[in-house]
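Have a look at the structure below before the remarks.
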Protein chains: 2
Amino acid sequence: MNEFVEQFKSLGDATRMKIIRLLCEARKDLCVCEIMDALEVSHCNISRHLKILKTAGIVEERKEGRWVHFSIANPESTFHKNLLLAIGNLPAELFTAEIERLKLRLSLREDGKCVDGLKSEKWMAALKLIRAENINRYDKRRMQDRR
Amino acid sequence: MNEFVEQFKSLGDATRMKIIRLLCEARKDLCVCEIMDALEVSHCNISRHLKILKTAGIVEERKEGRWVHFSIANPESTFHKNLLLAIGNLPAELFTAEIERLKLRLSLREDGKCVDGLKSEKWMAALKLIRAENINRYDKRRMQDRR
DNA sequence: TTCACGTATTCACTTATGTGCATATAATAG
DNA sequence: CTATTATATGCACATAAGTGAATACGTGAA
C-alpha cells in the first residue's frame, strides 16, 4: 500500500513530472546532465529527484563507467502503468520548452551517447540560438494576442 | 500543469487514497461520518482530507441541509481518469478492513441515507460484532500459517 | 599517481504538510 | 429561541520535503 502512496508522492512534484515526461518522449535513456539542461534545474536537484523516482520504482538506472543512464522502469503493476499513461497523455503544450531543449540537447550526442556533461559550452551556444528564436516567436505571439 | 501536480499530491496520502477507493467501491455518495467510521480516522481529519481532494478536483460535494455528500468528481481529463483507474484497480486486499467497515456502516442507512452521524452507539455495537468476528478469523489464519 | 568529470550526498535552511484538540459555522430539532 | 448536530476550520506542533551551495564518491584520462 505504501509503495503506491509513494508513487503518487514521487510524481507530485512538477520537476519530477517533467522528468518522467521527458523520459517518455525521448524513448531512450537520459543521463543527469541531459535532464538537467533540458529542465534548467541544478544537477544536484536532478540527481535527488531521480533518486526519489528510482526509490519509488518509477525509473531505473544503468551505469556505464562514470555515466548513469536513467529510463522509465518497466511497469510492475497496472497502477504504475496508469500513472505513466496519465503523464504521457498530458497535452504536449505543457512541456514545449522542456521537450525542445531536450531535443536540442540530444542532438549534441555522438554515437548515441552524451559527450558533453556539465557546463558544456556547446550547450550554452546552442541554447542561445533557440533562446533568440523563442524571443522572436514570443514577440510574434504577443503581437497577435493584442489583436 | 500545477493542477496535475496537485492531483498527484492529493492522492499521495494513504488516507486520501482510501477515501477515493471507498467512494469507488460504494458507487454512491458518502458523508464525512461514514468515511470517518470506515477509516477510523477523526472526523476533522476526514473533513480536511476531503477538502484537499475537492480542491484538487478529485471529488465533489452535494449539500443536503447539514449533511454533505461526497462523490468522485466526473473526470474532466484523461489524466484524472487514469488516476482513478490506478486506484480502482489496486488489489482489494489492500482495503479489506476499510471496505468491510464501510459496508457495515452503509447497512445502517435508512431510506438510503445516513442517519447516525458521529459517535453512534449503533455503529459502536456493530463494530464490536465484526471485531469479534475478525479476531476469530485472525486466530484461524495464524493457526493455518503455522502449518 | 594526480587530475578531471559525472553523479551522489551533506549541511543548513525554508516551506509544506500532516495531526490532535478546540472552536466555529451552518442547519435542524425541540 | 436554545440546544443539538454535521461539517469545517484555527491553533500549535512535529515531521516531511524542497532548495542552493559545498563537498564526497567513483570512474576514466593523462
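Chain letters run A, B, ... following the sequence lines, proteins first, then strands; residues in each count from 1. Because the structure is a prediction, the values reported are computed rather than measured.
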To the nearest Å, give me how far apart [atom1] ([X]) and [atom2] ([N]) are.
X      : N      : atom1 : atom2 : answer
A/R105 : C/dG6  : CZ    : C1'   : 11 Å
A/E6   : C/dT17 : CD    : P     : 18 Å
A/R16  : D/dT19 : CZ    : C1'   : 12 Å
A/D13  : C/dA16 : CG    : C1'   : 12 Å
A/L50  : D/dA17 : CG    : P     : 17 Å
B/L11  : C/dT17 : CG    : C1'   : 15 Å
B/I52  : C/dT17 : CD1   : P     : 8 Å
A/R62  : C/dT7  : CZ    : P     : 12 Å

Item to check | Given DNA chain D, 5'-ward residue of the pair A/G12 and A/G65, judged by closest heavy atom | outcome: A/G12

Next on the checklist: Go nucleotide by nucleotide along DNA chain D from the 5' end; which of B/H69 and A/E64 gets its closest nucleotide reached first?
Outcome noted: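 Checking each residue's closest nucleotide, the 5'-ward one belongs to B/H69.
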
Checklist entry - Considering only heavy atoms from C-beta outward, does the side chain of A/F95 approach that of A/L102 to under 4.5 Å? => result no

Next on the checklist: I want to check something: taking the side chain as every heavy atom from C-beta on, are A/E34 and A/W123 in contact at a cut-off of under 4.5 Å?
Outcome noted: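 Counting from C-beta outward, A/E34 and A/W123 never come under 4.5 Å.
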
Checklist entry - Using the ring of each side chain (for Trp, its six-membered ring), is A/F8 parallel, tilted or perpendicular to B/F8, with breaks at 30° and 60°? => result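 Rings of A/F8 and B/F8: tilted, 30 to 60°.
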
Checklist entry - Does A/T55 reach the main-chain N or O of A/K51 with its side chain, forming a donor-acceptor pair under 3.5 Å? => result yes

Checklist entry - Within the side chain of A/R16, is there an N or O that forms a donor-acceptor pair under 3.5 Å with the backbone of A/S10? => result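 Side chain of A/R16 to backbone of A/S10: a pair is present.
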
Checklist entry - Do any of residues 18-46 of chain A sit with a heavy atom less than 4.0 Å from DNA chain C, and if so which? => result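 Contacting residues: A/C31, A/V32, A/C33, A/H43, A/C44.
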
Next on the checklist: Given the structure, check if the side chain of B/R48 and the base of D/dT7 hold any donor-acceptor pair shorter than 3.5 Å.
Outcome noted: no

Next on the checklist: Applying a 4.0 Å non-hydrogen cut-off, can you work out what A/K51 is touching in the nucleic acid: base, sugar-phosphate, or nothing?
Outcome noted: sugar-phosphate

To the nearest 0.5 Å, what is the distance between [atom1] ([X]) and [atom2] ([Y])?
X      : Y      : atom1 : atom2 : value
A/L84  : A/C24  : CG    : SG    : 6.0 Å
A/L127 : A/E100 : CG    : CD    : 10.0 Å
A/N82  : A/Q7   : CG    : CD    : 11.0 Å
A/S71  : A/K28  : OG    : NZ    : 13.0 Å

Item to check | side-chain N/O B/S47 vs D/dT7 OP1/OP2, d < 4.0 Å | outcome: no

Next on the checklist: Check this one for me: any side-chain N or O of A/K63 less than 4.0 Å away from OP1 or OP2 of D/dT27?
Outcome noted: no

Checklist entry - From D/dG18, C/dT17, C/dG18, pick the nucleotide closest to the side chain of B/K9? => result C/dT17

Considering only nitrogen or oxygen atoms on both sides, find all protein atoms under 3.5 Å from nucleotides 2-5 of chain C and state each distance.
unit_1 : atom_1 : unit_2 : atom_2 : d
C/dC5  : O4'    : A/R66  : NH1    : 2.8
C/dC5  : O2     : A/R66  : NH1    : 3.4

Next on the checklist: Less than 4.0 angstrom from a charged side-chain N to a carboxylate O is my criterion; do A/E98 and A/R21 meet it?
Outcome noted: no

